[in-house]
**Q** 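Pasting a structure below so you can have a look.
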Amino acid sequence: MSLSGLLGNRRRGGVKPGDTFYCRIGLLDGSLLPVLLSGIEAWGTEPLVLGKFPFVLRTIYTLPGTHRLARSADYRLLATTPQMSKDIELRFLSPTSFKQSQGIQTFPLPELVFGSLWRRWNAFAPEELRFPEVEWQGLVAAYELKTYALKMEGGAEIGAQGWVRYRFREPEQIKMATILSHFAFFSGVGRKTSMGMGQIQ
């Protein structure tokens, strides 16, 4: 799963009673949806405490079209993405970083981004839709990024936010990268996607 941070209008003075926020949960295994929904239903109106501030769950959007962040797809649908593009632009909506060798890489290099998506796709997609191993040959054609810190209990996690345009030349990689770029909305990319990092559009 991937999980966004709290999305909404933040005041300079901090959160106040009555403020509305959203949180987006991306599931990579459709069989988890009934479990998630029954868990949320069982939670009821009990306050959900985040950062020492109590929140109440008011609405759940699950159907596409009910909210701009509510989408659904299955692996077969994503695998038949009709329009392939050699140029793929991804927006990194929350700080994004990757494990590389013994360190942390904050720049979203094509092999790190699409390698991360490839691993997630192959871990959850039906066997007949899994992709073969690939040595990514993409290039960064343009970008506008800044590094930001995501504050967590254990300290801040640094990552890149902004957009990157990737370019692929080899037809099979164009196809795989296009499919994986659509998959990224659900899966997130890189490290700590279940803690709000690596949200992609």
**Q** List the steps, then state whether side-chain contact (heavy atoms from CB on, under 4.5 Å) holds for V140 with V164.
**A** CA-CA 7 Å; V140 172; V164 179; 3.9 Å; yes
**Q** List in chain and number order the residues that pass side-chain contact (heavy atoms from CB on, under 4.5 Å) with S72, two or more places apart in sequence or in another chain; answer none if no residue qualifies.
**A** P64
**Q** Measure from NZ or CZ of R71 to the centre of the six-membered ring of F185 and say whether it is under 6.0 Å with the direction within 45° of the ring axis.
**A** yes
**Q** Roughly how far apart are C23 SG and I60 CD1, rounded to 0.5 Å?
**A** 12.0 Å
**Q** Does the ring centre of F107 sit less than 6.0 Å away from the ring centre of F98?
**A** no
**Q** With rounding to the nearest 0.5 Å, note down the distance linking CG in L180 to CG in L78.
**A** 9.5 Å
**Q** Could you give me the CA-CA distance, side-chain angles and deciding distance for T45 and L57, then say whether side-chain contact (heavy atoms from CB on, under 4.5 Å) is met?
**A** CA-CA 7 Å; T45 57; L57 298 173; over 6 Å; no
**Q** Working to the nearest 0.5 Å, report the span between CE of M176 and CZ of F114.
**A** 10.5 Å
**Q** Examine distances only and state if a side-chain atom of S94 and a backbone atom of G198 form a donor-acceptor pair shorter than 3.5 Å.
**A** yes
**Q** Locate the shortest heavy-atom distance separating S187 from L117; write the atom from each residue and the value.
**A** OG-CD2, 3.4 Å
**Q** Can you tell me if S38 uses its side chain to pair, donor with acceptor, with the backbone of P34 under 3.5 Å?
**A** yes
**Q** Say whether, by atom type as modelled, one donor and one acceptor occur between the side chain of T178 and the main chain of M84 under 3.5 angstrom.
**A** no
**Q** Minimum heavy-atom separation for A160 to P108, with atom names?
**A** CB-CD, 4.2 Å
**Q** Strictly below 4.0 Å, N to O, side chains only: are E157 and K151 in salt-bridge contact?
**A** no
**Q** Apply side chain to side chain donor-acceptor pair (under 3.5 Å) to Q100 and list each qualifying residue two or more places apart in sequence or on a separate chain.
**A** Q105
**Q** Rounded at 0.5 Å granularity, tell me how far CD in Q161 sits from CG in L93.
**A** 7.5 Å
**Q** For residues Q199 and T193, report the shortest heavy-atom separation together with the two atoms involved.
**A** NE2-O, 4.3 Å
**Q** Should L37 and V35 count as side-chain neighbours, where that means a heavy-atom distance under 4.5 Å?
**A** no
**Q** Are any side-chain N or O atoms of Q137 and backbone N or O atoms of F168, one a donor and one an acceptor, separated by less than 3.5 Å?
**A** no
**Q** Could D87 and R167 be called an ion pair, given the rule that one side-chain N must be under 4.0 Å from one carboxylate O?
**A** yes
**Q** Say you draw a straight line from CE of M1 to CG of D29; how long is it, rounded to the nearest 0.5 Å?
**A** 12.5 Å
**Q** Check whether more than 12 heavy atoms from other residues, nucleotides or ligands sit under 6.0 Å from atom CZ of F55, and answer yes or no.
**A** yes
**Q** Roughly how far apart are M195 CE and M197 CE, rounded to 0.5 Å?
**A** 9.5 Å
**Q** So that I can tick it off, tell me whether R76 and E128 are bridged by a salt bridge, with the cut-off set at under 4.0 angstrom between side-chain N and carboxylate O.
**A** yes
**Q** Quick one: are L139 and Y166 in side-chain contact, heavy atoms under 4.5 Å?
**A** no
**Q** Identify the residue among W121, W118, F183 that makes a ring pair (Phe, Tyr, Trp, His ring centres under 6.0 Å) with F131.
**A** W121
**Q** Test side-chain contact (heavy atoms from CB on, under 4.5 Å) on F124 and Y75 and set out the steps.
**A** CA-CA 9 Å; F124 294 99; Y75 289 94; 3.1 Å; yes
